[in-house]
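Reading through the C-alpha cells given below for one structure.
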Protein chains: 2
Amino acid sequence: MANKPVTADRCDCEVIHDDVVNEVRRKMPKEETLYDLAETFKVFGDSTRIRILWALDESEMCVCDIASLLNMTQSAISHQLRVLKQAKLVKNRREGKVVYYSLDDEHVRLIIDQGMAHINEG
Amino acid sequence: MANKPVTADRCDCEVIHDDVVNEVRRKMPKEETLYDLAETFKVFGDSTRIRILWALDESEMCVCDIASLLNMTQSAISHQLRVLKQAKLVKNRREGKVVYYSLDDEHVRLIIDQGMAHINEG
DNA sequence: CAGTTATATGAGTAAATATTCATATGTTTG
DNA sequence: CAAACATATGAATATTTACTCATATAACTG
C-alpha cells in the first residue's frame, strides 16, 4: 500500500512537490468563494465600466450624464449600469424621470486605487 | 451664438447636468490609463487565474504542481501563467527542467484582499 | 389623456477568450 | 546522442460578452 501520489486526473505530468500541493490545497478557500471573487474582478475588467466607476467616484450622475461623458449610447450605458448594480458596486435613486447612480461601497475606490498602484509601478 | 450643449454625438438623450459632466471630464485620467487599468482587472477576472494567484500567494509552485492542485491540464495552466506573467502579476525562475512561479508584486495580495472584503460585506 | 423625455431591456451580432489538442522547445540522464 | 520529462505555444473551437437596434416602461407636462 504505497503512498499514492496526488496527481490529478487531468494533469498530464507528475506532481513534483506533493507536500506543497497538499498544504496549499488545505489552505485554499472554497472553489465557490474564488469563483465569486473572479466574478467581482470581471466587472472591473472592462474599460467602459471602469470609466463609469471612476466618474461616479467623482460625482453622482444620471444615465444621460454618463452617456454624454463617455460618448456612448444611453442603451450601452444602461446595460453596463445593470451589471455594476448586480455586482453591488453602484446604487441608484430615482428623482422623477431621472435615475442617479453612485458608488455603493467604499471598497470600489480602494480596489481601483490598488489597481492603479500596480500599473504605475509596473 | 448660443452656448451649445456638450451632448455627445452617440448619446441619444439630452445632457441633464452640463456642469457635472464637464467637471468630471476635466478630472478624468487619460482614456489609455483607464484602459490599462481595466486590462489589469481583466486578468483577475477569471477563476482559474484567481486560483493560481491565490495558490502562489501561499507558496511558490511549479507548473505541474499548479495543474495538479487545480486538476487541470498542464497546457491550460501554462497558457494562463503566460497571461499572468504578461500582466506582471507573476514571475518565474528556472531550475533545471522545472519552472517555478511566484507572485511578482505585493499589490496582487492587496487587490485580492480588497476584492474579498467586498464580497464578504455584500 | 396624449406627447415627450429618461431609462430599461430583449434579441441579435461581432469580437474576445479559455480550453483542448497536437506539437515544439529546453533540460537532464543514460 | 537518444530517451524522458517539464514546460511552452499555435491553431481550432466553444463560450462569453459588449454593443446595437428596436421597443418597453415610467414619470412628467400640457
Side-chain angles (χ1 to χ4, degrees), chain A residues 5 7-17 20-21 34-35 38-39 41-52 60-87 90-101, chain B residues 5 7-17 20-21 35 38-39 41-53 60-87 90-101:
Chain A
T7 313
D9 296 356
R10 326 237 1 250
C11 172
D12 49 0
C13 53
E14 299 302 313
V15 176
I16 310 290
H17 312 90
V20 171
V21 173
L34 293 176
Y35 179 83
E39 288 301 301
F41 284 122
K42 196 174 289 183
V43 178
F44 286 87
D46 174 82
S47 62
T48 297
R49 287 190 296 262
I50 276 282
R51 288 186 298 159
I52 293 174
E60 174 184 75
M61 294 176 95
C62 69
V63 179
C64 183
D65 286 343
I66 301 171
S68 171
L69 172 70
L70 302 185
N71 196 29
M72 292 179 68
T73 65
Q74 172 270 321
S75 178
I77 299 300
S78 197
H79 277 295
Q80 296 299 0
L81 284 170
R82 187 154 72 108
V83 174
L84 289 167
K85 185 150 187 230
Q86 281 171 344
V90 306
K91 60 180 185 244
N92 58 16
R93 68 184 175 86
R94 178 152 223 143
E95 200 167 287
K97 284 179 290 192
V98 182
V99 177
Y100 293 94
Y101 281 83
Chain B
T7 312
D9 297 356
R10 326 239 0 253
C11 170
D12 49 1
C13 53
E14 299 303 312
V15 175
I16 310 288
H17 312 92
V20 170
V21 173
Y35 178 83
E39 287 301 301
F41 284 122
K42 196 174 289 183
V43 178
F44 286 88
D46 174 82
S47 62
T48 297
R49 288 191 295 264
I50 276 282
R51 287 186 298 159
I52 292 174
L53 291 172
E60 173 184 75
M61 295 178 94
C62 70
V63 180
C64 183
D65 286 345
I66 301 171
S68 172
L69 173 70
L70 303 184
N71 196 31
M72 292 179 65
T73 64
Q74 173 271 321
S75 177
I77 298 300
S78 197
H79 278 294
Q80 296 299 0
L81 284 169
R82 187 153 72 108
V83 174
L84 290 166
K85 184 148 189 230
Q86 281 171 343
V90 306
K91 60 181 187 241
N92 58 16
R93 69 184 175 87
R94 177 154 223 138
E95 201 168 284
K97 284 180 288 191
V98 182
V99 177
Y100 293 93
Y101 282 82

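To find a chain, count down the sequence lines: A is the first, B the second, and so on, and within it residues start at 1.
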Check: A/His79 and A/Ser75 side chains under 4.5 Å, non-hydrogen atoms = yes
A/Leu84 CG to D/dT17 P: how many Å, rounded?
-> 14 Å
Is the shortest heavy-atom distance from the side chain of A/Arg93 to the side chain of A/Val99 under 4.5 Å?
-> no
Residues in salt bridge (Lys or Arg N to Asp or Glu O under 4.0 Å) contact with B/Arg49, at least two apart in sequence or another chain = none
Separation of D/dT20 atom P from A/Met72 atom CE, nearest Å, is 6 Å
Nearest-Å distance for atom pair CG/C1', residues A/Leu81 and D/dC19 = 14 Å
Can you tell me the distance, in whole Å, between the CG atom of B/Asn92 and the P atom of D/dT7?
-> 11 Å
Whole angstrom is fine here: how far is it from CE in B/Met61 over to C1' in D/dA6?
-> 15 Å
Quick one: does A/Ile52's side chain get under 4.5 Å of A/Gln80's, heavy atoms only?
-> yes
Under 4.0 Å protein heavy-atom contact, by nucleotide of nucleotides 2-7 of chain C - B base, S sugar-phosphate only | ---BSB
Is the distance from OP1 or OP2 of C/dT20 to the nearest side-chain N or O of B/Thr73 less than 4.0 Å?
-> yes
Atom pair CG (A/Leu70) and CE (A/Met61), whose distance is rounded to the nearest 0.5 Å = 7.5 Å
Select from A/Ala76 and A/Glu95 the residue whose nearest nucleotide in DNA chain D is closer to the 5' end of that strand.
-> A/Ala76
Round to a whole Å and report the spacing from NE2 of A/His17 to P of D/dC5.
-> 17 Å
Side chains of A/Cys64 and A/Gln74: does their closest heavy-atom pair fall under 4.5 Å?
-> no
Between CD1 of A/Ile66 and C1' of D/dA18 the distance, given in whole Å, is 17 Å
Output for pair (A/Leu34 CG, A/Glu39 CD), nearest 0.5 Å, gives 12.0 Å
Quick one: which protein N/O atoms are closer than 3.5 Å to N/O atoms of nucleotides 10-16 of chain D? Pair and distance per line, please.
| unit_1 | atom_1 | unit_2 | atom_2 | d |
| --- | --- | --- | --- | --- |
| D/dG10 | O6 | B/His79 | NE2 | 2.8 |

Please check if atom OH in A/Tyr100 has more than 12 non-hydrogen atoms from other residues, nucleotides or ligands closer than 6.0 Å.
-> yes
Return the orientation label for the A/Phe41 and B/Phe41 ring planes: parallel under 30°, perpendicular over 60°, tilted otherwise.
-> parallel
Expressed in angstrom and rounded to an integer, what is the separation of B/Ile77 atom CD1 from C/dT20 atom C1'?
-> 13 Å
